[in-house]
Amino acid sequence: TDLHTSIDKFQFDNVFMNASGVRCYTKDELDELAQSDAGTLVTKSATRAKRLGNPSPRYARLELGSINSMGLPNEGLEYYLDYALNFQKAHPDKPIFLSVAGLSMEENLAMAHTIEDSNFNGLVEFNLSCPNVPGKPQTGYDFDRTQEVLTNLFSFFTKPAGVKLPPYFDLAQFDQMAAILNQFPLKFVNSINSLGNGLMIDPETDTALIKPKGGFGGIGGAYAKPIALANVRAFSQRLDPKIQLIGTGGVTNGRDAYDLILAGASLVQVGTLLQEEGPAAFTRLTRELRAVMQTKGYSAISDFKGQLKVLS
Ligand code: FMN
């Protein structure tokens, strides 16, 4: 069985990769991902300057996933761009993703100019869905703002790019967001980022599990699976077929990945599970996805991508 997949002209020999923010903070972590069974990798969402993020504890493991309010700690765009430029020299056949998350439109555009002017030849993921920066609303939940950001961005940006979106819950939101996204030369849409602003409580102490924002944080892991599936499916039905989907959210085994691909995903990202299991998770997921495909008689991702059946 072949797990080969592609986005635009970019080829990957495995559908699995990390989700931004998980085990991709330092060059050592990125190297570990590169050496794992993952087909590619994405860097930690970068701001222009290095950020320390929110106070700890800011991540907690939950029964069915995780809660976090990291507050975008990162080494700054220059660090990740430098990594990517070195990486592409060493691995010309392994395109990677650079994630960018400016806290304002101006910051996003400034970083986009830096990338545009660089020799970076991979894909850029603009994260419009960072829920954990106090006082900053998510761009992805403001449709006019999203339109404005993308209009300004694509007035000069010519490198292959996509957006990472928050989860939507209303069919009218899918219609509106897809109508906006279809106006731009996006190569991919990545759904979903964390389910924003959940809350979990320690039963021993009656205290919120994490410190920032009074305990509110983004939820990932198995809790996210049905929402991720719906978002990938809804966008696959509404986006121009030239825009590929990356499915993220709730992957804990090979069947979860298979389901995201059935819903239309061309690549599958792994967040919480990777945090908990480390890069060896890709070896297990690869084996499990292959096993599901073999049971179904499929030998390639294209045999079942987008082939979800519904009851009539
Ligand atoms: N998503 C981003 O786009 N940029 C980030 O910097 C980022 N940081 C994260 C940090 C942690 C500790 C976690 C758990 C998630 C983070 N996310 C970030 C969200 C994940 O990329 C992913 O979209 C989300 O966790 C859902 O996937 P999962 O169910 O596999 O965890």
Side-chain angles (χ1 to χ4, degrees), residues 3-5 7 10-47 50-53 56-61 65-66 68 70-101 120-125 127 130 164 190 193-194 218 220-221 246-254 256-257 260 265-290:
L3 299 190
H4 176 271
T5 187
I7 299 245
F10 299 93
Q11 308 289 323
F12 309 98
D13 60 17
N14 189 313
V15 286
F16 289 107
M17 64 183 291
N18 68 305
S20 182
V22 178
R23 294 183 184 258
C24 58
Y25 188 96
T26 64
K27 292 180 179 179
D28 283 349
E29 287 180 337
L30 290 160
D31 281 342
E32 265 193 71
L33 289 173
Q35 284 150 24
S36 77
D37 283 337
T40 178
L41 56 143
V42 57
T43 54
K44 169 72 190 176
S45 289
T47 48
K50 178 185 166 93
R51 281 172 63 87
L52 296 176
S56 294
R58 57 192 186 177
Y59 172 93
R61 170 190 192 164
S66 64
N68 88 84
M70 304 301 289
L72 220 44
N74 76 91
E75 294 286 352
L77 177 65
E78 208 178 311
Y79 179 94
Y80 299 107
L81 184 55
D82 179 66
Y83 181 85
L85 293 174
N86 284 321
F87 187 92
Q88 70 192 25
K89 252 182 253 158
H91 310 270
D93 298 331
K94 195 164 180 175
I96 67 169
F97 291 71
L98 194 57
S99 173
V100 166
F120 180 63
N121 64 14
L123 294 121
V124 184
E125 180 170 288
N127 175 3
C130 194
K164 173 105 174 258
N190 183 354
N193 211 310
S194 315
I246 300 180
T248 305
V251 173
T252 64
N253 58 48
D256 297 328
L260 281 167
S266 294
L267 276 167
V268 173
Q269 294 190 347
V270 186
T272 300
L273 178 77
L274 175 62
Q275 180 64 38
E276 295 298 327
E277 276 187 23
F282 292 116
T283 308
R284 175 170 71 81
L285 291 170
T286 298
R287 188 176 64 237
E288 291 175 357
L289 175 58
R290 282 212 168 96

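Excluded from the calculations below are hydrogen atoms, water molecules and symmetry mates; all remaining heavy atoms, backbone and side chain alike, are included.
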Asker: Are side-chain heavy atoms of Ser20 and Glu125 found at a separation under 4.5 Å?
Answerer: yes

Asker: Using a strict cut-off of less than 4.0 Å between a Lys/Arg side-chain nitrogen and an Asp/Glu carboxylate oxygen, indicate whether Lys44 and Glu29 qualify as a salt bridge.
Answerer: no

Asker: Hey, are the side chains of Arg58 and Pro73 touching, using non-hydrogen atoms and a 4.5 Å cut-off?
Answerer: yes

Asker: Verify the neighbour count for atom CD of Gln11: are there more than 12 heavy atoms of other residues, nucleotides or ligands below 6.0 Å?
Answerer: yes

Asker: Going by distance alone, is a donor N or O of one side chain under 3.5 Å from an acceptor N or O of the other, for Thr47 and Asn74?
Answerer: yes

Asker: Mind checking whether Leu30 and Tyr80 have side chains closer than 4.5 Å, heavy atoms only?
Answerer: yes

Asker: Under 3.5 Å, is there a donor on one side chain and an acceptor on the other for Thr286 and Asp37?
Answerer: no

Asker: Between Asn18 and Leu41, which heavy-atom pair has the shortest distance, and what is it?
Answerer: OD1-CA, 3.2 Å

Asker: What pair of heavy atoms forms the shortest contact from Cys24 to Ala19, and how long is it?
Answerer: SG-O, 4.4 Å

Asker: Rounded to the nearest 0.5 Å, how far apart are NZ of Lys164 and CZ of Phe97?
Answerer: 11.5 Å

Asker: Evaluate side-chain contact (heavy atoms from CB on, under 4.5 Å) for Thr43 paired with Phe87, printing each intermediate quantity in order.
Answerer: CA-CA 12 Å; Thr43 54; Phe87 187 92; over 6 Å; no

Asker: Any side-chain hydrogen bond (donor to acceptor under 3.5 Å, both in side chains) involving residues 85-95? Give me the pairs, sequence neighbours left out, ordered by first then second residue.
Answerer: none

Asker: Step by step, work out the side-chain contact (heavy atoms from CB on, under 4.5 Å) result for Ile7 and Ile246.
Answerer: CA-CA 9 Å; Ile7 299 245; Ile246 300 180; 4.0 Å; yes

Asker: Salt-bridged, Arg61 to Glu276, with N to O below 4.0 Å?
Answerer: yes

Asker: Give the minimum heavy-atom separation between Gly249 and Leu260, together with the two atoms involved.
Answerer: O-CD1, 4.2 Å

Asker: Could you walk me through whether Thr40 and Phe10 pass the side-chain contact (heavy atoms from CB on, under 4.5 Å) check?
Answerer: CA-CA 11 Å; Thr40 178; Phe10 299 93; over 6 Å; no

Asker: For Asn190 and Thr248, test the side chains for any donor-to-acceptor distance below 3.5 angstrom and give the result as yes or no.
Answerer: yes

Asker: With a 4.5 Å limit on heavy-atom distance, are the side chains of Thr272 and Tyr59 in contact?
Answerer: yes

Asker: Write down the atom of Asn14, the atom of Ala38, and the distance for their closest heavy-atom approach.
Answerer: CB-C, 4.3 Å

Asker: Could I get the full list of side chain to side chain donor-acceptor pair (under 3.5 Å) partners for Asn121, not counting sequence neighbours?
Answerer: none

Asker: Strictly distance-based, threshold 3.5 Å: is any side-chain N or O of Tyr79 a donor or acceptor partner for the main-chain N or O of Lys27?
Answerer: yes

Asker: Could you pull out the closest heavy-atom pair between Leu72 and Ser45, with the gap in Å?
Answerer: CD1-CB, 3.8 Å

Asker: Within the structure provided, determine whether Met17 and Phe12 are in side-chain contact (heavy-atom separation under 4.5 Å).
Answerer: no

Asker: Could you check if a side-chain atom of Leu273 sits within less than 4.5 angstrom of a side-chain atom of Arg284, using non-hydrogen atoms only?
Answerer: yes

Asker: How far does CG of Leu285 sit from CZ of Arg290, to the nearest 0.5 angstrom?
Answerer: 12.0 Å

Asker: Please answer whether the main-chain N or O of Pro279 pairs with a side-chain N or O of Arg23 as donor and acceptor at a distance below 3.5 Å.
Answerer: no

Asker: Report the distance from atom CZ of Phe282 to atom CG of Leu274, rounding to the nearest 0.5 Å.
Answerer: 4.5 Å

Asker: Do Asp31 and Tyr83 come close enough that some side-chain heavy atom pair is under 4.5 Å?
Answerer: yes

Asker: Please find the pair of heavy atoms, one from Gly76 and one from Ala46, that lie closest to each other, and give the distance.
Answerer: C-CB, 4.2 Å

Asker: Side chains of Thr252 and Asp256, heavy atoms from C-beta outward: is any pair under 4.5 Å?
Answerer: yes

